[in-house]
Participant: 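First the structure, which I've put down as structure tokens, then a few questions once you've had a look.
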Amino acid sequence: MKKIIVLMAAAFISFGVSYAQTEKEIRNSDQRISQITSLITPSECSLESVKNVASQACAIAKRSVEISTKLNEMKSKIEAMKAQKSTSSSALEKAALLKTCKELANKTISQSSGITSSLVSLGKLTGEISAIKSAAQQSSAKKSVENTKELLDLLNNETSYQVKSVGNMISIIRAL
């Protein structure tokens, strides 16, 4: 619980204390998810270490898409609760939404550490790629690393958005 509070406090500080997400932020997230989805299948590569990092990034990407989908569902539920006004929103509904938000917060924390770990692993692959004798194999390894890096960068941005979204949702639910 303390981790969640610290993470959300950091998110609010880094993003500003805005409780509403702009249309631009939502559009950017949708665009990132589309790009992430197109990069989920790793490029072919003969180097096992590159394949492992690419596979790890793809697994993180699939979880990130699931988190974003769940966040969108949560937004719809929260908007419906706001429209009904808090008088008809039961404490059980709010508690269930808060529980789901906390679960999503834990998942985003896990995503963040996985992304960091994958980026570190990618950085260590330069020497292995340089040692490849075949130009075609070296080229495919470099392409796979570039695609994986692009995917991880997108995931990093989407995870930041997800953290902010969860924090916003918790604030809204508590205010209802």
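All values derive from a computational prediction rather than experimental measurement. Numbers here are sequence positions counted from 1.
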Participant: Quick check on side chain to side chain donor-acceptor pair (under 3.5 Å): which of Glu158, Gln162, Lys24 does Ser29 satisfy it with?
Facilitator: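 Single pass found, and it is Glu158.
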
Participant: Partners of Lys77 by salt bridge (Lys or Arg N to Asp or Glu O under 4.0 Å), sequence neighbours excluded?
Facilitator: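 In terms of salt bridge (Lys or Arg N to Asp or Glu O under 4.0 Å), with neighbours along the sequence ignored, Lys77 is linked to no residue.
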
Participant: Locate the shortest heavy-atom distance separating Ser64 from Leu155; write the atom from each residue and the value.
Facilitator: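 Closest approach of Ser64 to Leu155, heavy atoms only: CB-CD2, 3.5 Å.
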
Participant: Do NZ/NE/NH1/NH2 and the carboxylate oxygens of Lys164 and Glu25 come within less than 4.0 Å?
Facilitator: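 Here Lys164 pairs with Glu25 in a salt bridge, since their nearest N and O are under 4.0 Å apart.
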
Participant: Is there any side-chain hydrogen bond (donor to acceptor under 3.5 Å, both in side chains) pair reaching into residues 134-154, and which pairs are they, with sequence neighbours excluded?
Facilitator: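 The answer is Ser43-Asn147, Lys149-Asp153.
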
Participant: Going hydrophobic residue to hydrophobic residue with side-chain gaps under 4.5 angstrom, can you get from Leu104 over to Ile36?
Facilitator: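 In one cluster: no.
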
Participant: Who are the side chain to side chain donor-acceptor pair (under 3.5 Å) partners of Ser121, not counting sequence neighbours?
Facilitator: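 For Ser121 there are no side chain to side chain donor-acceptor pair (under 3.5 Å) partners, ignoring immediate neighbours.
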
Participant: Quiz question: by atom type and distance under 3.5 Å, do the side chains of Glu128 and Ser49 form a donor-acceptor pair?
Facilitator: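 Judged by distance alone, the side chains do pair up.
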
Participant: Starting from Ile67, can I reach Met169 by hopping between I/L/V/M/F/W/Y residues whose side chains sit under 4.5 Å apart?
Facilitator: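 Yes; tracing contacts between hydrophobic side chains, which count when under 4.5 Å, links both residues.
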
Participant: Is it true that, when you exclude Lys107 itself, more than 12 heavy atoms of the residues, nucleotides or ligands shown sit nearer than 6.0 Å to its NZ?
Facilitator: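 No - once you tally the heavy atoms of other residues, nucleotides and ligands closer than 6.0 Å, there are 12 at most.
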
Participant: For Asn156 versus Ile115, what's the shortest heavy-atom pair and its separation?
Facilitator: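 Residues Asn156 and Ile115, closest heavy atoms: N-CD1, 3.8 Å.
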
Participant: Does any N or O in the side chain of Ser118 come within less than 3.5 Å of the main-chain N or O of Gly114, such that one atom is a donor and the other an acceptor?
Facilitator: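 Checking the backbone N and O of Gly114 against the side chain of Ser118, a donor-acceptor pair under 3.5 Å is found.
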
Participant: Taking all non-hydrogen atoms of both residues into account, name the closest pair between Ile40 and Ala61 and its distance.
Facilitator: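 Shortest heavy-atom separation between Ile40 and Ala61 comes out as CG1-CB, 3.8 Å.
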
